[in-house]
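Residue numbers begin at 1 in each chain, while the letters A, B, ... track the order of the sequences.
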There are 2 protein chains.
Amino acid sequence: MSTPGPRRITIKDVAELAGVGVATVSRVLSGGSASAETRERVLDAATKLDYRPSALGRNLRQQRSGGVALLVPDITDGFYARLCDGVLSCARSYREPVTIGVTGDDAEQEADLVGGLLEQSMDRIIAVPTGDGEMWASAVRAGLNVVFADRRVWSPGQHARALDEVPAVLTDDRAGLRTAIEYLTGLGHRKIGFLARQGMSHRVAAFREVMGDLLDEDLVVFARASRDSAYAAAAGLFQRRADLTAVIAGGNMLGEAAVLAARELYVRIPRDLSLIMFDDVPWAELCSPPLTVIAQPASDVGYRAAELVLRHGRRPRTVSLPTELIVRSSCAPRR
Amino acid sequence: MSTPGPRRITIKDVAELAGVGVATVSRVLSGGSASAETRERVLDAATKLDYRPSALGRNLRQQRSGGVALLVPDITDGFYARLCDGVLSCARSYREPVTIGVTGDDAEQEADLVGGLLEQSMDRIIAVPTGDGEMWASAVRAGLNVVFADRRVWSPGQHARALDEVPAVLTDDRAGLRTAIEYLTGLGHRKIGFLARQGMSHRVAAFREVMGDLLDEDLVVFARASRDSAYAAAAGLFQRRADLTAVIAGGNMLGEAAVLAARELYVRIPRDLSLIMFDDVPWAELCSPPLTVIAQPASDVGYRAAELVLRHGRRPRTVSLPTELIVRSSCAPRR
DNA sequence: AATGATGATGGAATCGTTTCCATGAGCACT
DNA sequence: AGTGCTCATGGAAACGATTCCATCATCATT
C-alpha cells in the first residue's frame with residue numbers, strides 16, 4: 001500500500017488549463033514562436049500549477065542527458081579539488097549538474113567510468129586524461145564532447161587526428177619549469193631532481209627539455225598515485241643520490257612526500273636540499289620552511305574547461321594558462 | 001547534413017535477433033524468470049550486438065533518474081574532499097554516478113541545488129546540510145531520499161518528526177571535544193577559545209556543554225565560509241583576548257587561519273598559545289610546530305552515508321563514528 | 001479425460017517531453 | 001476576388017525502456 005501521492009504536473013495539465021495543445025506549451029516554454037496572448041495564457045497556467053518540466057522526458061526525447069561529467073585522478077588532491085570547484089562554479093551558472101568520477105590515474109577505471117557515462121547518454125565531459133589514447137579516440141568517435149583539462153592525451157600514430165581536435169585547457173608547465181630551473185641554476189644548482197607521478201609525462205618531458213645538458217635521467221623518479229608511493233619515491237631518491245642539491249616536486253602530494261622524507265632522513269631544507277613544488281597550496285606557507293612553489297590557476301583551468309564544453313561556440317584548440325613562481329624559503333644557494 | 005551515424009542498438013534489435021518479444025528481453029536482462037533456452041538466446045543476441053541498455057528509457061519509465069547527489073559546503077576543504085572520495089568509492093561499486101554540488105554553507109544556494117535535483121528526478125541525496133530545516137522537511141515530504149553526513153539539521157518545532165527520521169552519519173564531535181578539552185585542562189589551561197564557522201552550531205553546542213563552568217562565551221567566535229573570514233576571526237580573537245591560553249579550531253581551514261594569524265601577531269605556538277585543530281590533514285604534520293588534532297574518519301563518513309542511501313535496507317537512525325586525539329606538538333602546559 | 005494450477009511469453013500501454021507535419025487563418029499583392 | 005505567403009496552432013509520432021495483462025502450453029490431480 002504505497003502512498004498514492006499527488007500526481008506529477010505534466011505539460012499536458014498546463015496545456016489543458018491554458019486551453020491549448022501540448023505542442024504550443026512546449027514551444028512557449030522553450031522560446032519558440034507564439035502569439036502574445038497564447039504565451040501569456042500558457043505562462044499563467046504554468047505558474048498557477050507550479051509546473052516543472054521533467055528532465056527525464058526531455059532527455060529521452062533529445063537522446064542526451066543534460067549535465068557535464070568531470071573525471072579527475074584524485075579529488076583528495078588539493079589541485080584537482082580546486083579544478084573541480086572551478087568546473088562546478090561555471091556549471092552552476094548554466095544550471096547544469098556535474099557528475100564527478102575519480103580515475104585514480106588508472107586507465108582501466110577511466111575506461112569504466114567513460115563507459116558508464118555513455119550508458120547514461122552523457123555527451124559532455126571534462127577529463128584529466130590518463131593515458132589511453134585509443135580509448136579517448138573511440139569515445140570522441142562515439143560522439144562524446146570531450147574537453148581535456150590540466151593535461152591532454154599523448155596521441156600516438158593514427159588517432160592523432162581525432163584527439164588533436166579535442167580542446168584542452170592546460171597550464172604552461174614548460175614556462176613554469178623554465179623559470180624554476182633558471183632560478184635554481186642561478187643559485188648554483190646543477191644536480192636537479194624531478195619527482196613525478198604516473199600521468200605526468202608531459203611535465204617530465206618539459207623538465208627534460210628545459211634541463212638540456214644538465215639532465216641526469218637517474219634523477220627523475222616516478223611514483224604511483226598513492227601517498228605511500230610518493231614517499232617511497234622521494235626517500236629513495238634522497239638516499240640513492242647524496243649529490244642531489246635541488247629537487248622539483250611535480251605536484252603537491254609529491255612535495256608533501258619530499259618534505260616528509262627529507263625530515264625523516266635528516267636532510268635539511270633548504271640547507272642540504274632546495275625544494276620547489278608544483279602547485280601553491282595553502283599549507284605551503286605554513287610549512288617549515290615555507291615552500292617555494294610554481295603556482296597554477298587550478299580553479300581557472302576548471303572554469304575555462306567548463307566554459308568550453310558548455311558554451312559550445314567557437315572552440316579554440318587549446319588554452320594555456322600562465323604559472324607563477326612564488327619564492328618563499330625552501331631554496332638556498334648551493335653550498 | 002548531419003552524420004546519419006550507426007543507429008543506437010535498442011532492446012528491440014535484441015528481441016528481433018533472439019526471436020523473442022521485447023518484454024522477454026527486458027525480463028532476462030533484469031533477472032526476471034525465463035526458460036533456460038530463451039535466456040541463453042537473449043544473452044547471446046545481446047552480446048553479439050553489444051547491446052547497452054539506455055539509462056534514459058529506463059529512467060523515464062521508472063520516473064526516477066539513477067545516481068546519487070552529494071551536497072557539500074566546500075569541495076576545496078580537505079575534509080569534504082575526503083568525504084566526497086568516500087561517497088564516490090562506495091557509489092562506484094554500485095555503478096551509480098554521483099552528482100556533486102557545492103553549497104558554500106549558504107541556505108539559498110542549497111535550496112537552489114535541491115530544486116535542480118528534483119527537476120532531474122534525482123531521488124537520493126547525501127547532504128552536509130546548511131541550516132534551513134523547513135526546506136529539508138519539504139524535500140523529504142516530496143519523496144526525496146535524504147541521508148545527512150557530518151552534521152544533521154537542527155529541527156525546530158513541527159517538522160522535527162520528519163527530519164528525525166532522516167538517517168545521518170556523524171562523527172562523535174562531543175567525545176572528541178571532551179578528550180581535547182580534558183587534555184588542555186590537564187595542561188592547566190582554563191581560558192579556552194573556540195573558532196567556529198557558520199554551520200558548525202552542533203560543534204559549538206558540544207563545546208559549550210563540555211566546557212561547563214569554564215565556558216567564556218566571549219571566547220567562541222564565528223567566521224563565514226571564506227579563508228579571509230576565518231583569518232579575521234582568528235586574528236580578532238587573539239588580539240582581543242590576551243588572556244587566552246588555548247584555542248580549538250573547528251575545522252582545518254580555521255586551524256590554518258589560526259596558525260597564520262598567530263604567526264602574523266607574533267603569538268608563539270605552543271609557548272604562548274596551545275592549538276588543537278579538528279581534522280587531521282596531511283599538512284598538520286608538516287606544519288611548524290606539528291599540530292595536535294582531533295582526527296575524523298572523513299572518508300568513512302562518506303562511505304557509510306553512501307551505503308545508507310544506496311542499500312536502502314534496514315536504515316539505522318544515526319551512525320556515529322569515533323574521533324581520535326592525535327597529540328603532536330602544538331600544545332604546552334600553561335605558563 | 002476434464003479441470004486447474006503454474007509458468008513462459010509477447011503485445012501494448014506507459015512515462016513526459018520535443019518535433020514533424022498538416023491545417024487553417026490572416027494578410028498582402030496582383 | 002483570387003492567389004500565394006507567412007504564421008500560429010494542435011495532433012500524433014517518436015525516444016527506449018519496464019510492466020501489466022492476456023494468451024497459451026505444459027503438467028499434475030481428480
S.K.: Closer than 4.0 Å, any side-chain N/O of A:Arg58 to the OP1 or OP2 of C:dG16?
M.R.: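 For C:dG16, OP1/OP2 do not have a side-chain N/O of A:Arg58 under 4.0 Å.
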S.K.: May I ask you to verify if any side-chain N or O of B:Thr38 is less than 4.0 angstrom from the OP1 or OP2 atom of C:dT9?
M.R.: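 So the side-chain polar atoms of B:Thr38 do come within 4.0 Å of the phosphate oxygens OP1 or OP2 of C:dT9, strictly under.
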S.K.: Could you check which of D:dG16, C:dG16, D:dA8 has an atom nearest any side-chain atom of A:Ser35?
M.R.: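 Ranking D:dG16, C:dG16, D:dA8 by closest atom to the A:Ser35 side chain puts D:dA8 first.
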S.K.: Any side-chain N or O of B:Ser33 less than 4.0 Å from the OP1 or OP2 oxygen of C:dA8?
M.R.: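 B:Ser33 to C:dA8 OP1/OP2: side-chain N or O found under 4.0 Å.
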S.K.: Can you name the atoms? Protein N/O to nucleotides 19-27 of chain C N/O, anything below 3.5 Å, with the distance.
M.R.:
residue : atom : partner : partner atom : Å
C:dT19  : O4'  : A:Arg61 : NH2          : 3.3

S.K.: Tell me: CG of B:Asp13 to P of D:dC15, nearest whole Å?
M.R.: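 Whole-Å distance recorded here is 11 Å.
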S.K.: Rounded at 0.5 Å granularity, tell me how far CD in A:Glu110 sits from CG in A:Asp112.
M.R.: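 That separation rounds to 10.5 Å.
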S.K.: side-chain contact (heavy atoms from CB on, under 4.5 Å), that's the test. Do B:Val98 and A:Thr99 meet it? Break it down for me.
M.R.: CA-CA 5 Å; B:Val98 178; A:Thr99 298; 5.6 Å; no
S.K.: In whole angstrom, give the distance that lies between atom CZ of A:Arg64 and atom P of D:dG16.
M.R.: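 After rounding, the reported distance stands at 15 Å.
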S.K.: Without decimals, in angstroms, what is the distance between B:Leu60 CG and C:dG16 P?
M.R.: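 The answer, rounded to whole Å, is 7 Å.
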S.K.: Is the shortest side-chain N to carboxylate O distance from A:Arg95 to B:Glu119 below 4.0 Å?
M.R.: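 No, this pair does not count.
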S.K.: Decide, yes or no, whether a salt bridge links B:Arg151 with B:Asp105 under the criterion of side-chain N to carboxylate O below 4.0 Å.
M.R.: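 Salt bridge between B:Arg151 and B:Asp105, a charged N being under 4.0 Å from a carboxylate O: yes.
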S.K.: Nearest to the side chain of A:Val20, heavy atoms from C-beta on, is which of D:dG10, D:dG16, C:dG16?
M.R.: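 Comparing D:dG10, D:dG16, C:dG16 against the side chain of A:Val20, the answer is D:dG10.
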S.K.: Report the residues that fulfil salt bridge (Lys or Arg N to Asp or Glu O under 4.0 Å) with B:Arg64, sequence neighbours left out, ordered by chain and then residue number.
M.R.: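 B:Arg64: salt bridge (Lys or Arg N to Asp or Glu O under 4.0 Å) contacts with B:Asp123.
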S.K.: Could you pull out all residues at least two apart from B:Phe148 that satisfy ring-ring contact (aromatic ring centres under 6.0 Å, His included)?
M.R.: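 B:Phe148 satisfies ring-ring contact (aromatic ring centres under 6.0 Å, His included) with B:Trp136 only.
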S.K.: How far does the helix from C:dA1-D:dT30 to C:dT30-D:dA1 bend, going by the axes of its first and last five pairs, to the nearest 10°?
M.R.: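 Roughly 50°, once rounded to the nearest ten degrees.
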S.K.: I need the CZ-P distance between B:Arg7 and D:dC15, as an integer number of Å.
M.R.: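 Value for this atom pair: 8 Å.
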S.K.: Given atom CD of B:Glu16 and atom P of D:dA17, what is their separation to the nearest angstrom?
M.R.: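 One finds 14 Å between P of D:dA17 and CD of B:Glu16, rounded.
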S.K.: So what does B:Leu56 hit on the nucleic acid, given a heavy-atom distance under 4.0 Å: a base, only sugar-phosphate, or nothing?
M.R.: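 No contact.
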S.K.: Can you name the residues that form a salt bridge (Lys or Arg N to Asp or Glu O under 4.0 Å) with A:Arg61, not counting sequence neighbours?
M.R.: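 With sequence neighbours excluded, A:Arg61 shows a salt bridge (Lys or Arg N to Asp or Glu O under 4.0 Å) to no residue whatsoever.
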S.K.: Using heavy atoms to find the nearest nucleotide of DNA chain C for B:Gly21 and A:Gly57 separately, return the residue whose nucleotide is more 5′.
M.R.: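 The residue mapped nearer the 5' terminus is B:Gly21.
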S.K.: Rounded to the Å, how far apart are A:Gln120 CD and D:dA17 C1'?
M.R.: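 That distance rounds to 13 Å.
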S.K.: What is the distance from atom CG of A:Leu71 to atom CD of A:Gln109, rounded to the nearest 0.5 Å?
M.R.: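 The distance works out to 10.0 Å.
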S.K.: With a 4.0 Å cut-off on N to O distance, would you call B:Arg41 and B:Glu37 a salt bridge?
M.R.: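 Here B:Arg41 pairs with B:Glu37 in a salt bridge, since their nearest N and O are under 4.0 Å apart.
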S.K.: Could you give the CG-to-C1' distance, from A:Leu49 to C:dG16, as a whole number of Å?
M.R.: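 It is 15 Å, rounded to the nearest whole Å.
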S.K.: Could you tell me how far apart A:Arg52 (CZ) and C:dT17 (P) are, to the nearest whole angstrom?
M.R.: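 Rounded to the whole Å, the gap is 13 Å.
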S.K.: Among residues at least two apart in sequence or on other chains, which ones pass salt bridge (Lys or Arg N to Asp or Glu O under 4.0 Å) with B:Arg39?
M.R.: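 Here no residue qualifies.
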